[in-house]
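Counting starts at 1 for both ligands and their atoms, following the listed order. Worth knowing before you read on, the calculation uses all heavy atoms, side chains too, and leaves out hydrogens, waters and symmetry mates.
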Amino acid sequence: MPDFDTVLRTRQSVRGYTPQPLTRALIDEVFSLAALAPSNCNVQPWQVHVVSRAVLRALGHAMTEAARSGQPPAPDVPMISRYEGPFRHRQIDAAKALYGAMGIARNDHDGRAAAFLRNLDAFGAPHAAFLFLPEGFDLREAADLGGYAQTLMLAMASRGIGSCAQGALSLYPEIVRAHLGLVQGPRLIMGIAFGYKDPDHPANAAHTDRAALADIVHHHGDT
Ligand SMILES: Cc1cc2nc3c(=O)[nH]c(=O)nc-3n(C[C@H](O)[C@H](O)[C@H](O)COP(=O)(O)O)c2cc1C
């Protein structure tokens, strides 16, 4: 198993998968590790629905068709699609890396739209986890859910499993609930596609960098 730093440095968002499913034992292993994530008062404010193979394809098809037919997204939690200031620059850089890797030109609107639609089918992954924030929780507990998501993705990376967190999988929560037979209440925050990385898929050649440490971490007092 790779050491922790290697796991952190080699995890990337995987946007192209082989069809090979994970074994149920391996899925249970990584989700058991994810459950070790800390949370406010240890309330563990997360509900997870793992959707696999034919059921995921049917759900992906329904969401893709909804988007294609112009159905407006109605996420449980509003989504900002265009950030501001330095965050906008980072957003643009990430898009450039992704579309550049896929050979999609900046003014190729159809190409970009098609690339976006791949999101709604979880990039063809054999599995996706849908992460819900149970009723009664808000922003602070959503932060816990983010920690859960990252713990899960690192556990997966440590075992050679690729993943991609996807806000896009939360754009049509009503369709997700309808397909999975879920009740209203818990809010869908994100999906996470997962499976084995297709090393030949061009989207997986995209690599992002990170802001300088001094732009992120501010010190007060002696260090
Ligand atoms: C909560 C969350 C939502 C995300 N939503 C999407 C998404 O909808 N589609 C997508 O392609 N990538 C999505 N990403 C992946 C980010 O674009 C990616 O993490 C970022 O560009 C850094 O790249 P890396 O994960 O390869 O290090 C999301 C990541 C997070 C953490």
message = Does Leu139 have more than 12 heavy atoms from other residues, nucleotides or ligands lying within 6.0 Å of its CG?
response = no
message = Is it true that, when you exclude Ile80 itself, more than 12 heavy atoms of the residues, nucleotides or ligands shown sit nearer than 6.0 Å to its CD1?
response = no
inquiry  = With a 4.0 Å cut-off on N to O distance, would you call Arg140 and Asp144 a salt bridge?
reply    = no
key: Ion pair check, Asp76 and Arg177, cut-off under 4.0 Å   = yes
ask   = Just by distance, with hydrogens left out, do Glu65 and Gln71 show a side-chain donor and acceptor under 3.5 Å apart?
value = no
Any atoms of ligand 1 less than 4.0 Å from a non-hydrogen atom of [X]? List them with their elements.
X	value
Cys164	12 (N)
Phe123	11 (O)
Gln12	26 (O)
Ala168	8 (O)
Gly167	3 (C), 4 (C), 5 (N), 6 (C), 7 (C), 8 (O)

Counting heavy atoms only, which part of [X] comes closer than 4.0 Å to ligand 1: side chain, backbone, both or neither?
X	value
Arg15	side chain
Ala206	neither
Arg210	side chain

Among all protein heavy atoms in this structure, tell me which lies nearest to [atom], with the distance rounded to 0.1 Å.
atom	value
atom 9 (N) of ligand 1	Asn119 OD1, 2.8 Å
atom 26 (O) of ligand 1	Ser13 N, 2.8 Å
atom 14 (N) of ligand 1	Ala165 O, 3.0 Å
atom 20 (C) of ligand 1	Thr208 CG2, 4.5 Å

task = For residues Ser170 and Val77, determine if any side-chain heavy atom of one lies less than 4.5 Å from a side-chain heavy atom of the other.
result = no
inquiry  = Is the shortest side-chain heavy-atom distance between Gln166 and Ile192 below 4.5 Å?
reply    = no
request  = Take every heavy atom of Arg11, measure it against each atom of ligand 1, and state whether any distance is under 4.0 Å.
outcome  = yes
ask   = Quick one: side chain to side chain donor-acceptor pair (under 3.5 Å) pairs with a partner in residues 90-115, sequence neighbours left out?
value = Arg88-Gln91
remark   = Quick note, ring pair (Phe, Tyr, Trp, His ring centres under 6.0 Å) partners involving residues 119-169, not counting sequence neighbours, are Trp46-Tyr148, His49-Phe132, His127-Phe194
